[in-house]
Protein chains: 2
Amino acid sequence: MTRFALMLEFDGTQFAGLQRQATAPSIQAAVEEAAFAVTGERPTLHAAGRTDAGVHALAMIAHLDIQKNIDAFRLMEALNAHLRPQPIAVLDCRVVSGDWHARFSCVGRAYEYRIANRRAPLTLDRERAWLVPQPLDETAMHEAAQALVGRHDFTTFRSVQCQSASPVKTLDCISVRRYGAHVIVETAARSFLHHQVRSMVGCLALVGMGRWPVGRVAAALEARDRQALGHNAPAHGLYFVRAVYPDEPFPPAT
Amino acid sequence: MTRFALMLEFDGTQFAGLQRQATAPSIQAAVEEAAFAVTGERPTLHAAGRTDAGVHALAMIAHLDIQKNIDAFRLMEALNAHLRPQPIAVLDCRVVSGDWHARFSCVGRAYEYRIANRRAPLTLDRERAWLVPQPLDETAMHEAAQALVGRHDFTTFRSVQCQSASPVKTLDCISVRRYGAHVIVETAARSFLHHQVRSMVGCLALVGMGRWPVGRVAAALEARDRQALGHNAPAHGLYFVRAVYPDEPFPPAT
């Protein structure tokens with residue numbers, strides 16, 4: 001048995017999410033089907049994060065165990081061949097030790113949220129960014145966001161479906177920056193609650209529009225009450241961008 | 001009669017090109033239909049460039065003449081409402097003088113060509129970049145490209161369907177730069193021949209792969225012969241990015 005770590009990129013638009021579901025297409029089912037086509041085996045895909053329907057990934061990290069004798073490069077090429085034409089690609093593939101786990105070994109996750117801040121409907125960015133027509137004050141958004149950094153009870157920013165044992169998480173960083181007509185929110189933590197990033201971004205957007213004063217984000221956090229949530233930003237602006245491991249399976253090229 | 005300049009963004013994937021065609025969808029027909037829906041008039045759309053099927057635009061400049069009394073902002077909003085759900089958006093709209101012409105007043109055009117230089121199939125960038133799996137040497141590509149700058153007979157890099165009176169054009173600049181797994185070619189000229197950018201990029205890619213020595217691009221240019229062309233890069237990596245006018249209808253924000 002060999003454990004392979006995979007770096008996955010996908011367009012989440014047409015999927016019901018990363019995790020396998022009984023009646024809807026998922027990233028997990030697609031990759032597992034491709035693995036079956038390559039190996040004749042039925043491995044389970046384990047991923048660093050469980051992204052929702054419509055959420056994209058630039059570098060989701062996952063693993064699966066294969067009995068068949070195959071090297072990492074050939075496995076990657078074969079998986080990509082069988083994944084076509086679905087918009088899922090294996091960007092990298094490495095052999096890892098049998099006790100390395102894409103989900104349980106992961107000590108950091110990072111997301112990016114893309115807002116297209118313009119009046120005109122989206123064309124090339126359709127389903128790839130959240131269109132917010134009202135002018136956003138990204139400086140106020142960044143300031144408001146800093147109240148979220150640190151260890152807090154994030155109940156306000158947590159989906160009612162969230163399965164996490166505790167609402168307490170430590171947010172390592174969150175930044176809001178403008179690049180022309182795009183406002184980008186970047187955030188990292190050891191782990192996130194279900195809908196946490198989208199809920200934080202939704203409230204920050206209200207600040208950016210001037211509908212919430214800067215301090216209301218801190219007040220919403222303090223409330224520890226889902227009713228204090230202003231807005232949950234849509235899934236299609238969210239990208240899973242990085243998973244961090246003590247034993248890094250994909251070290252950056254030197 | 002009021003002349004309106006439009007800044008258009010579009011995803012060219014599903015269109016047969018910018019110019020109206022008898023039997024296939026075009027950007028021109030879509031915008032003219034939207035204008036008819038808004039005004040009841042049948043204006044003709046004139047654009048700075050005539051992009052091919054599959055080619056995208058981030059800021060194509062065009063104009064049309066309207067009799068109806070409507071201001072530029074309302075025209076833009078109404079056109080966008082009627083263009084949906086087609087992936088064409090009016091980013092900006094301004095009144096211009098009756099002797100300003102999107103095509104004939106244009107003194108400069110700029111294109112960007114996006115190459116995704118990686119083995120894995122494209123997901124989020126599908127139909128938005130040219131996938132080149134062989135590692136590209138962007139430094140050699142940039143060096144080779146410099147032979148194209150200046151006034152030359154570009155017959156080698158010209159489509160047989162090109163309707164330009166002369167194959168002689170002046171290329172103002174061309175650069176090749178790498179941003180991670182993307183290799184971006186940027187080029188500007190007063191005007192280009194049909195397929196010129198795609199033909200130049202196709203040959204530069206051969207240099208990047210090591211299949212052509214750097215000097216062969218200059219030799220291909222010198223040959224003034226379409227048979228000397230190495231490769232015509234696909235349309236879906238090409239973006240029209242800028243049109244320049246002495247009377248700039250869309251001055252940059254100060």
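Letters A, B, ... mirror the listed sequences (proteins, then strands); counts begin at 1.
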With a cut-off of 6.0 Å (strictly less than), are more than 12 heavy atoms of other residues, nucleotides or ligands near CZ of A:Arg128? yes
Within the supplied structure, the quantity of interest is the number of heavy atoms (other residues, nucleotides, ligands) at a distance under 6.0 Å from B:Asp247 CG; does it exceed 12? no
Non-hydrogen contacts under 4.5 angstrom with chain B: give the residues of residues 28-43 of chain A involved, or none if there are none. none
With sequence neighbours left out, the residues meeting ring pair (Phe, Tyr, Trp, His ring centres under 6.0 Å) with A:His56 are A:Tyr239
If one checks every heavy atom of B:Leu124 against chain A at 4.5 Å, the contacting part turns out to be both
Using non-hydrogen atoms only, which part of B:Glu127 is less than 4.5 Å away from chain A: side chain, backbone, both, or neither? neither
Between A:Leu79 and chain B, which part of the residue has a heavy atom less than 4.5 Å away: side chain, backbone, both or neither? neither
When you measure from the side chain of A:Arg118 to the backbone N and O of B:Leu91, does any donor-acceptor pair fall under 3.5 Å? no
Heavy-atom pairs under 4.5 Å with chain A are the metric here; pick the option from B:Pro85, B:Ala89, B:Pro121, B:Ala120 that has the most. B:Pro121
If you tally heavy-atom pairs under 4.5 Å between each of B:Met76, B:Arg84, B:Gln86, B:Arg119 and chain A, the highest tally belongs to B:Arg119
Of the listed residues (A:Ile88, A:Thr123, A:Asn80), which shares the most heavy-atom pairs with chain B below a 4.5 Å separation? A:Thr123
